[in-house]
Novice: 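Quick one: the structure is below, questions incoming.
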Protein chains: 2
Amino acid sequence: MKPTIARCEENVIHEEEVQAAQATLISGLEATYLSAVFQALSDPTRLRLISALSGGELCVCDLAAVLGMTQSAVSHQLRLLRNLQVVRHRKAGRIVYYALEDEHVRLLFQMGLEHIRHPKGDEAAGGAA
Amino acid sequence: MKPTIARCEENVIHEEEVQAAQATLISGLEATYLSAVFQALSDPTRLRLISALSGGELCVCDLAAVLGMTQSAVSHQLRLLRNLQVVRHRKAGRIVYYALEDEHVRLLFQMGLEHIRHPKGDEAAGGAA
DNA sequence: GCAACATATGAATAACTGCTCATATATTCA
DNA sequence: TGAATATATGAGCAGTTATTCATATGTTGC
């Protein structure tokens, strides 16, 4: 980058910058793990579930009521979050209560929310609430 | 929740908890905006692009070389990131350089990476690098 | 033990997504 | 001006994803 010769030579402008980037590049495995975390947070329904649970434990039917969705749709999403260990659950008879389990997902959620609610000066205006 | 009567009455255990959750629940619009941010970060290729760009500006062909992917695949992803204003670009003749633009995406990326690399004690073991 | 209840699960489906392949577009150079 | 170069774009395609609908599973109470 910033080459004296603005020419992609063999599809690479400057071998040094490429190697420097590769040296610090996250690994394929890190990318896979990290993408799974963000993917958990990439669906509006799941975000709203996490938002509801951030106030404390709730059962499936209450979650369905809060979100205005069917029990089944909620259950499917909870299964996904459970498998990712974002949430934990406990049974009390027929009732199953869910709670947030993964603290760093909670932090990512809160940070993301804070940013869309209060964009900084250099932020794009895509997040005004 | 924590009801004396463990019975979902009309699909809601405790109307109070449901209303409390709804009062603080993120709106559908907030969920949509927030999910877009996390979705930008939910693909391994895009994460690796962001990782490469976090070290500084790079051109498309260098990015393709760094990631070991085709120019086309990289370009498509850059278009998406551009449209989300995660990256900005400048042209120097035929060469197009891309750089990270959205500071809060950068912070989310860094925080997420830090967490998978250094899980805390209460973290699930799904992120060990 | 059977009916009621709360939730989980599976199949289907429409919509979505990332990459390949081809080519359009913009820039440079002889 | 035409060829070469770097990148953007679009169609196609296989794989993925969220919800619906149906039903399986586990728990409770009479």
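Values below: all heavy atoms of this structure, side chains included; hydrogens, waters and symmetry mates excluded. Numbers restart at 1 for each chain; the letters A, B, ... are given by sequence-line order, proteins then strands.
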Novice: State, with a plain yes or no, whether a side-chain heavy atom of A/Val105 is found less than 4.5 Å away from one of B/His115.
Specialist: no

Novice: Let's go through B/Leu41 and A/Leu41 carefully: what are the C-alpha distance in whole Å and the side-chain angles of both, what is the deciding distance for side chain to side chain contact (heavy atoms under 4.5 Å, CB included) to 0.1 Å, and is it a yes or a no?
Specialist: CA-CA 10 Å; B/Leu41 292 164; A/Leu41 294 163; over 6 Å; no

Novice: Should A/Glu114 and A/Arg117 count as an ion pair when the cut-off is N to O under 4.0 Å?
Specialist: no

Novice: Whole angstrom is fine here: how far is it from NZ in A/Lys91 over to P in C/dA8?
Specialist: 8 Å

Novice: Does a side-chain N or O of B/Arg82 approach OP1 or OP2 of D/dT9 to a distance below 4.0 Å, or not?
Specialist: yes

Novice: Go through B/Asp102 and B/Gln85 one step at a time and tell me if the side-chain hydrogen bond (donor to acceptor under 3.5 Å, both in side chains) criterion holds.
Specialist: CA-CA 7 Å; B/Asp102 187 322; B/Gln85 292 160 4; over 6 Å; no

Novice: Do A/Leu47 and B/Phe38 have side chains that get closer than 4.5 Å, going by heavy atoms?
Specialist: yes

Novice: Quick check on D/dT19: is either OP1 or OP2 less than 4.0 Å from any side-chain nitrogen or oxygen of A/Thr45?
Specialist: yes

Novice: In whole Å, I'd like the distance from the CD atom of A/Gln77 to the C1' atom of C/dT9.
Specialist: 14 Å

Novice: Nearest-nucleotide wise, let me know which of B/His89 and A/Thr70 is further upstream toward the 5' end of DNA chain D.
Specialist: B/His89

Novice: What is the distance from CE of A/Met69 to P of C/dT7, rounded to the nearest Å?
Specialist: 15 Å

Novice: Looking at A/Glu30 and B/Arg48, does any basic side-chain N land under 4.0 Å from a carboxylate oxygen?
Specialist: no

Novice: Distance check needed: C/dA6 P versus A/Leu58 CG, whole Å only.
Specialist: 16 Å

Novice: May I ask you to verify if any side-chain N or O of A/Tyr98 is less than 4.0 angstrom from the OP1 or OP2 atom of C/dA8?
Specialist: yes

Novice: Can we say A/Glu101 and A/Arg106 salt-bridge, meaning some charged N sits less than 4.0 Å from an Asp/Glu carboxylate O?
Specialist: no

Novice: Examine the base of D/dA6 for any acceptor or donor lying under 3.5 Å from a partner atom in the side chain of B/Gln71, and report the outcome as yes or no.
Specialist: no

Novice: Sort me out a list of protein N/O and nucleotides 13-17 of chain C N/O pairs below 3.5 Å, or just none if empty.
Specialist:
{"residue": "C/dT17", "atom": "OP1", "partner": "B/Gln39", "partner atom": "NE2", "Å": "3.1"}

Novice: Would you call B/Leu58 and B/Tyr97 a side-chain contact if the rule is heavy atoms closer than 4.5 Å?
Specialist: no

Novice: Test B/Tyr98 against every option in B/Arg82, B/Arg88, B/Glu57 by the side-chain contact (heavy atoms from CB on, under 4.5 Å) rule and name the one that passes.
Specialist: B/Arg82

Novice: Using atom names, set out every protein N or O paired with an N or O of nucleotides 10-15 of chain D below 3.5 Å, distance rounded to 0.1 Å.
Specialist:
{"residue": "D/dG10", "atom": "O6", "partner": "B/His76", "partner atom": "NE2", "Å": "2.8"}

